Visitor: 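First the structure, which I've put down as C-alpha cells, then a few questions once you've had a look.
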Number of protein chains: 2
Amino acid sequence: MKRQKRTTIYDIAQKLNIAASSVSRALSDSSKVNAATKALVLKTAAEMNYQQNAMASNLRKGNNPTIGVVVPRINQNFFSNIIAGLEEVTYEKGYNLIICQSNELHAREVDCVHALINQHVSCIIISIAAEAGSHQHLQQVLDRNIRLIQFDRVVDELDTFKVINDNEKASYDAVMHLINQGYSRIALLEGPQEIDIFRQRKEGYLKALQKSGFPVIEELMCENAWTKELGAQATTQLLSLPEPPDAIFASTSDFSALGVLEVASAKGIAVPDALGICGYSNEPFTEITSPSITTIDQFSISMGKAIADLYFQELESSDLNAEPRVVSIKPELIIRKSTTRN
Amino acid sequence: MKRQKRTTIYDIAQKLNIAASSVSRALSDSSKVNAATKALVLKTAAEMNYQQNAMASNLRKGNNPTIGVVVPRINQNFFSNIIAGLEEVTYEKGYNLIICQSNELHAREVDCVHALINQHVSCIIISIAAEAGSHQHLQQVLDRNIRLIQFDRVVDELDTFKVINDNEKASYDAVMHLINQGYSRIALLEGPQEIDIFRQRKEGYLKALQKSGFPVIEELMCENAWTKELGAQATTQLLSLPEPPDAIFASTSDFSALGVLEVASAKGIAVPDALGICGYSNEPFTEITSPSITTIDQFSISMGKAIADLYFQELESSDLNAEPRVVSIKPELIIRKSTTRN
DNA sequence: AATAAATGGGCAATCGATTGCATAATAAAA
DNA sequence: TTTTATTATGCAATCGATTGCCCATTTATT
C-alpha cells in the first residue's frame with residue numbers, strides 16, 4: 001500500500017525558502033539554528049500538520065527505539081502483567097514495544113525473533129516457548145549486537161541478562177509451609193523438566209523434603225501437569241493411590257491447582273483438613289475460590305518494570321560492556337485457606 | 001546508540017562482483033533475475049548472515065506493515081484476549097503489532113496515537129480511555145490516511161469502522177433472564193455514561209424493565225461502579241435501602257459483580273435465592289466462584305481476529321474506498337448458578 | 001579600522017533497500 | 001550469418017530525515 005503524500009521537511013523548507021537542513025535543525029532543538037528561524041519553522045510545521053517520519057529518522061540515525069517482546073501467550077495473566085509493566089517504563093522513555101507470541105511453539109518463536117531482528121529493534125526480551133528446540137535464533141540476536149534479556153523461562157547456555165524468580169526458594173518455602181502445617185505426604189505436579197523454572201521448582205520441593213527427613217516417593221510426582229485439566233487428571237490418579245497424598249503442590253500454575261481443587265470438591269475431600277493445595281503464580285482467582293488457594297506471587301508487573309529498568313540502566317548505552325548477570329526476584333508465598341489447618 | 005556494522009546488500013554485491021540491485025532482486029524473488037545468480041546470492045547472504053533492514057525497506061516502499069493498538073489496560077483479560085486474537089491474524093500476514101496502553105488517561109492516549117502516527121503504521125486499532133477528552137487526535141489519524149478501527153469503546157462522531165458488541169441486546173437479555181427467574185427489584189451497576197458501551201448496557205436494562213412493565217427506580221441505579229471495590233460499596237448501599245433489590249446486574253464488569261458477591265457472602269445473603277447476581281465479560285473467575293456467576297461473554301479472542309480480518313479484507317487495499325460501517329458482534333448470556341433459582 | 005571569533009545557513013552525503021529505465025548480452029528466428 | 005526478440009544486469013534516483021563541513025555574515029576584540 002503506497003503512502004499518500006504527507007508533509008515533509010522539504011515542504012516546510014520550500015514554503016519558508018530555507019534549506020531542509022535548517023528545518024531539521026529547528027525541529028530537533030539544535031543549537032545551530034537561530035531562535036527566530038526556529039519559531040517560524042515550528043509554527044509552519046504545526047500549520048502544515050507536519051509529523052516526523054520515524055522510519056526515515058531511525059534509518060538515518062542508525063537506531064530504532066523499539067523493544068521486541070516474545071512471550072508464550074499474551075493473554076496469560078503473568079505475561080500480560082509483564083507486558084503492562086514493561087510498557088509503563090518504555091512509554092516514559094519514548095520507546096515502542098512490539099509484542100509477539102510463540103503459542104509455546106518453537107518455530108513460531110524463531111519467526112518472531114527473525115522479524116524483530118529485521119526491525120532492528122534495540123533489544124529483545126523473551127520468555128521461551130515450552131516446545132523444545134535449538135537456541136540458534138537467540139545466538140543470532142547476540143551476533144547482531146541486539147541486546148537480549150531473558151526472563152522467567154531462560155536458556156541457561158546463553159550468557160545474557162536474565163530476570164528470573166527464585167523458583168527453587170519459593171518452592172522450598174511452599175513445601176516447608178505445607179510440612180509445618182502437618183502435611184506429611186506431599187505430591188508434586190511438575191512441568192516439563194527441560195524448562196528451567198519447572199526444574200527449579202522441583203528442586204525446591206526435593207530440598208524441602210530432604211531438609212525435613214521425608215522420603216522422596218516417585219509416584220507422588222506427576223509430570224506435565226500445567227493446565228487445569230492435566231492437574232485434575234493427575235489428582236485423580238494421585239488420590240487413587242494405596243496411600244494417597246495429604247497435600248498437592250501444583251508447582252506449574254494456579255490453573256493446575258484449580259484442577260486439584262475441583263477434583264477434591266467433587267470427591268468430597270475436605271480442603272485443607274484432608275488435603276492441602278498450593279498453586280503457583282497468584283492468578284487473580286486464587287483469592288476467590290472456596291477455599292482460597294495458597295500460592296506464590298511472582299510480582300509480574302514489577303518484574304516487567306525491573307526488566308525494562310535493567311535495559312535502560314545497563315544495556316542501552318553501547319559504550320558499556322555490561323557483564324551479563326542474573327537478576328533474581330524473590331517470589332512471595334501467599335498463604336491462604338487451602339493450606340491452613342487449625 | 002549507534003548500530004554496529006551489519007551485512008548489507010552492498011557487502012554481498014561486492015563479494016560477488018555484481019550490482020546491489022541484482023542482490024535486491026535475487027532476495028525479493030523477482031522475475032528479473034537469473035536463477036543461477038539468485039541461488040548464488042541466497043547462498044552468500046546466508047553465509048554472511050544477512051538480514052534485511054526493515055527500516056530501509058519500509059522507507060523506500062513507503063509503507064510499514066505494522067498495526068498500532070491502543071487499549072486502556074493491557075493486562076485486563078478482555079484486552080489481552082483481543083490482542084492475542086489480533087496477533088494470531090497479523091502474524092500470518094507478516095504484520096507487526098505495536099501495543100500501547102492509555103491507563104484510561106486521555107493525555108496518555110493522545111501520546112500513544114501520535115507516536116503511532118510517527119511510525120507510519122498502516123492502521124490504528126483503538127478502544128478509547130474512560131477519561132473524557134477531545135477526539136482531535138483520532139481525526140489526525142484519518143487526515144493522514146492511516147486506517148482507523150475502533151472497537152468496544154468508540155467515538156460515535158467519528159465515521160470509522162467500528163467493531164462492537166451489541167451491548168444493549170446483551171444487557172436486555174440478561175435483565176429479561178433475571179425477570180424470568182422471578183427477580184422483581186433489579187438494581188443496575190453502571191459505568192460512566194459518556195462511554196457508549198455503558199450507556200447501551202443501561203439502555204438494555206431500561207428496555208427490559210419497560211418490556212416487563214417494571215417501574216424505573218432511580219435509587220436502584222448506581223453510577224461508576226466498575227471495580228470490585230466500587231461494586232462492593234454500591235452493593236452495601238443498595239442492600240441498606242428500605243426496599244433492597246433482589247438482583248443486581250453489574251453491567252460494568254465481572255469484577256464489579258465479584259464485589260457484589262463478596263458483600264452478599266459477608267452479610268449471609270443467599271445467592272441466588274435471596275439475591276441474583278449477573279456480571280459482564282465472562283472473566284475466567286466467573287465459573288469458579290461459589291456460586292458461579294452468570295455473565296455475558298464478549299468472545300474477545302475471536303473479536304480480535306474479526307478486527308484484524310476486517311483490516312485485511314476491507315482496508316488494506318488503498319484503492320478501495322470502503323464505506324465505514326459498524327460490525328456488531330453478538331455477546332452471549334452465560335447462565336450460571338448466581339441467577340438460577342429452583 | 002582591521003582582525004579574530006562566533007553564529008548559523010546551505011550543500012552534499014549518508015542511511016539500506018527498492019525500482020524504473022537503458023542497454024548489454026544472450027537466445028531465437030530468418 | 002544476420003536480424004530480431006528476450007533476458008537480465010547495472011546505473012541512478014528515490015524514500016525523508018540527519019549531520020559534518022564549508023563559508024558567508026555578524027559580532028566581538030584588538
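Reckoned from all heavy atoms, side chains included, excluding hydrogens, waters and symmetry mates. Letters A, B, ... mirror the listed sequences (proteins, then strands); counts begin at 1. Keep in mind the model is a prediction, meaning the values are calculated, not measured.
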Visitor: Taking it one step at a time, do B:N103 and A:E88 satisfy side-chain hydrogen bond (donor to acceptor under 3.5 Å, both in side chains)?
Guide: CA-CA 9 Å; B:N103 277 328; A:E88 277 299 319; 2.2 Å; yes
Visitor: Tell me what A:S57 touches on the nucleic acid: a base, only sugar-phosphate, or nothing, going by heavy atoms under 4.0 Å.
Guide: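 Sugar-phosphate, no base atom in range.
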Visitor: Taking C-beta and beyond as the side chain, do B:L27 and B:Q52 meet within less than 4.5 Å on heavy atoms?
Guide: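 No, side chains not in contact.
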Visitor: Would you say B:Q14 has more than 12 foreign heavy atoms packed within less than 6.0 Å of its CD?
Guide: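 Incorrect, the count does not exceed 12.
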Visitor: Provide, to the nearest angstrom, the distance between the CD1 atom belonging to A:I18 and the P atom belonging to D:dA17.
Guide: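 These atoms are roughly 14 Å apart.
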Visitor: So A:T37, base contact, sugar-phosphate only, or nothing? Heavy-atom distance under 4.0 Å.
Guide: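 Since only primed, P, OP1 and OP2 atoms lie under 4.0 Å of A:T37, the category is sugar-phosphate.
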Visitor: Check this one for me: any side-chain N or O of A:N34 less than 4.0 Å away from OP1 or OP2 of C:dG8?
Guide: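 Yes, such a contact exists.
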Visitor: Given atom NZ of A:K38 and atom P of C:dG9, what is their separation to the nearest angstrom?
Guide: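 In whole Å, C:dG9 P and A:K38 NZ are 12 Å from each other.
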Visitor: At under 4.0 Å between heavy atoms, what does B:S30 touch on the DNA or RNA strands: base, sugar-phosphate, or nothing?
Guide: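 Here B:S30 touches no strand at all.
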Visitor: Go nucleotide by nucleotide along DNA chain C from the 5' end; which of B:A54 and A:R25 gets its closest nucleotide reached first?
Guide: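 Its nucleotide being nearer the 5' end, the pick is A:R25.
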Visitor: Starting from P on C:dC15, measure out to CG on A:N63 and report it in whole angstrom.
Guide: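 So the two atoms are 15 Å apart, to the nearest Å.
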Visitor: Check the distance between C:dG10's C1' and A:N17's CG and give it to me in whole angstrom.
Guide: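 For the pair A:N17 CG and C:dG10 C1', the rounded distance is 12 Å.
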Visitor: Quick one: B:R60 CZ to C:dG20 P, roughly how many Å, whole number?
Guide: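 Taking atom P of C:dG20 as the reference, CZ of B:R60 is at 8 Å.
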Visitor: Looking only at side-chain atoms of A:S21, point me to the closest of D:dG16, D:dT19, C:dG16.
Guide: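 Between D:dG16, D:dT19, C:dG16, the one nearest the side chain of A:S21 would be D:dT19.
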Visitor: Establish, for the pair A:R147 and A:Y311, whether the NZ or CZ atom is under 6.0 angstrom from the six-membered ring centre and no further than 45 degrees off its axis.
Guide: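 No cation-pi geometry.
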Visitor: Can you check the B:D11 CG to C:dG16 P distance for me, whole Å?
Guide: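 The distance from CG of B:D11 to P of C:dG16 comes to 9 Å, rounded to the nearest Å.
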Visitor: Which of the following nucleotides, C:dT18, D:dT19, D:dG10, is nearest to the side chain of B:A19?
Guide: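 Among C:dT18, D:dT19, D:dG10, the one nearest the side chain of B:A19 is D:dG10.
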Visitor: Select one nucleotide: of C:dC15, D:dG10, C:dA17, the one nearest the side-chain heavy atoms of A:L59.
Guide: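 Comparing C:dC15, D:dG10, C:dA17 against the side chain of A:L59, the answer is C:dC15.
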Visitor: How close or far is atom P of C:dT19 from atom CG of B:D29, stated in whole angstroms?
Guide: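 Distance check: B:D29 CG to C:dT19 P gives 13 Å.
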Visitor: Between A:L27 and B:Y10, who's closer to the 5' end of DNA chain D by nearest nucleotide?
Guide: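 Nearest nucleotide further toward 5': that of B:Y10.
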Visitor: Measure from CG on B:N53 to C1' on D:dC15 and round the result to the nearest Å.
Guide: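 These atoms are roughly 13 Å apart.
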Visitor: DNA chain D: A:K32 or A:S24, which has the more 5' nearest nucleotide?
Guide: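 Checking each residue's closest nucleotide, the 5'-ward one belongs to A:S24.
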Visitor: Please verify the inter-ring angle class for B:H137 with B:H106; under 30° counts as parallel, over 60° as perpendicular, anything in between as tilted.
Guide: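 Perpendicular, since the angle between the ring planes exceeds 60°.
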